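Written below as structure tokens is the structure these notes are about.
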Amino acid sequence: MGIVDLPRGESKRKPALTYSEQETFLAVVAKCGVQDDWDMWAWAFDTGMRHDGELDNFKIDDVDFGRKTITFWRTKTNGWSVEMPLTGRCQDILKRQRSKAQLRDDRKVFPSTAGSRTSNWKKYIAMCNFAKHFTPYTTRHTYITRLAEADVNPKVTMELAGHSCIETTLTYYTKSSSKILSNAILKLEQSRDAETNDSIVNENEANSLIGHNSKRALK
């Protein structure tokens, strides 16, 4: 049709904190003594919730305390999340926040605005001496990166993250952190060594059988 499809530039990848940086961040928040701040950021790291529409709208009624799971509305995808098991840390957070959330008219667990979260985040990031390019949304990218590093099936990661298409999830597997790449090379090496050892064992067994059969033939 005479229409030229111009080349598209690759979008800049959102950064994620390493596990050590994540825990350093939470340690700094804890040192400041603001429990509500620590609870919100630890929850964000452990659930990977989008801040707008998920974290800020999360209600105490979204928790199944008996099953120790949560199911919440995802405004971006216009649907409910899968039933997500809670980490032990998240269970402790809910124990502290439950009564306060039940007293609020909106029953929200982490009532906040985008502006207040950004200001709060920047304060702690500066105290950690981390790069300024880390934004509050880093908690979500860190969560998904941890799943990828743990070799969680991409389809499972997609459901936990609430992605609408698998291509989005696979970005975290194909544009991997150094840890994922190191694990891939380690697995390759282990596979090679295992096959080599199996070949040696099979060869030795074959030689042993040949020698055994030769002795019987001589008899």
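Counting begins at 1 with the first residue of the sequence. As a basis for the values below, the full set of heavy atoms in this structure was taken, side chains included, without hydrogen atoms, waters or symmetry mates. What you are looking at is a predicted structure, and each value in this text was computed from that prediction instead of being measured.
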So [Y] and [X], do their side chains get closer than 4.5 Å, heavy atoms only?
X: L160; Y: L147; answer: yes
X: F110; Y: D36; answer: no
X: Q22; Y: T18; answer: no
X: E83; Y: R67; answer: yes

Check: [Y] main-chain N/O paired with [X] side-chain donor or acceptor under 3.5 Å:
X: T168; Y: S164; value: no
X: T24; Y: S20; value: yes
X: S116; Y: S112; value: no

With the 4.5 Å side-chain cut-off for hydrophobic clustering, are [X] and [Y] part of the same group?
X: V82; Y: I144; value: yes
X: I60; Y: W73; value: no
X: F72; Y: F65; value: yes
X: M127; Y: F25; value: yes

Can you list the steps and then say if T71 with D62 is a side chain to side chain contact (heavy atoms under 4.5 Å, CB included)?
-> CA-CA 6 Å; T71 308; D62 296 329; over 6 Å; no

If you round to the nearest 0.5 Å, how far is [atom2] of [Y] from [atom1] of [X]?
X: T142; Y: Y137; atom1: OG1; atom2: OH; value: 12.0 Å
X: Q35; Y: W38; atom1: CD; atom2: CH2; value: 7.0 Å
X: R74; Y: N57; atom1: CZ; atom2: CG; value: 13.0 Å
X: L94; Y: I70; atom1: CG; atom2: CD1; value: 8.0 Å
X: T69; Y: Q91; atom1: OG1; atom2: CD; value: 10.0 Å
X: M40; Y: D56; atom1: CE; atom2: CG; value: 10.0 Å

Does atom [atom1] ([X]) have a neighbourhood of more than 12 heavy atoms from anything else shown, all under 6.0 Å?
X: K76; atom1: NZ; answer: no
X: Y19; atom1: OH; answer: no
X: K31; atom1: NZ; answer: no

Heavy-atom closest contact ([X] atom, [Y] atom, distance):
X: K59; Y: V109; value: C-CG2, 3.8 Å
X: L55; Y: A44; value: CD2-CB, 4.4 Å
X: T169; Y: H163; value: OG1-ND1, 2.7 Å
X: P15; Y: T138; value: O-CG2, 3.7 Å
X: R104; Y: K108; value: NH1-O, 2.7 Å
X: Y124; Y: C32; value: CE2-SG, 3.7 Å

Classify the ring geometry between W121 and F45 as parallel (under 30°), tilted (30 to 60°) or perpendicular (over 60°).
-> tilted

Passes side chain to side chain contact (heavy atoms under 4.5 Å, CB included), E23 versus L26? Steps please.
-> CA-CA 5 Å; E23 296 308 305; L26 292 176; 4.0 Å; yes

Under-4.0 Å salt bridge between D39 and R96 = yes

Those residues that, when tested against T157, pass side-chain hydrogen bond (donor to acceptor under 3.5 Å, both in side chains) (two or more places apart) = Y173

May I have the list of side-chain donor-acceptor pairs in residues 46-53 shorter than 3.5 Å, sequence neighbours left out?
from: D46; atom 1: OD1; to: R89; atom 2: NH2; distance (Å): 2.8
from: D46; atom 1: OD2; to: T87; atom 2: OG1; distance (Å): 3.0
from: D46; atom 1: OD2; to: R89; atom 2: NE; distance (Å): 3.0
from: T47; atom 1: OG1; to: W43; atom 2: O; distance (Å): 2.8
from: T47; atom 1: OG1; to: M49; atom 2: N; distance (Å): 3.4
from: R50; atom 1: NH1; to: E54; atom 2: OE2; distance (Å): 2.8
from: R50; atom 1: NH2; to: G162; atom 2: O; distance (Å): 3.0
from: H51; atom 1: NE2; to: P136; atom 2: O; distance (Å): 3.1
from: H51; atom 1: NE2; to: T139; atom 2: OG1; distance (Å): 2.9
from: D52; atom 1: OD1; to: R117; atom 2: NH2; distance (Å): 2.8

Looking at Y172, is R146 sitting on its ring face, NZ or CZ under 6.0 Å from the six-membered ring centre and within 45 degrees of the normal?
-> no

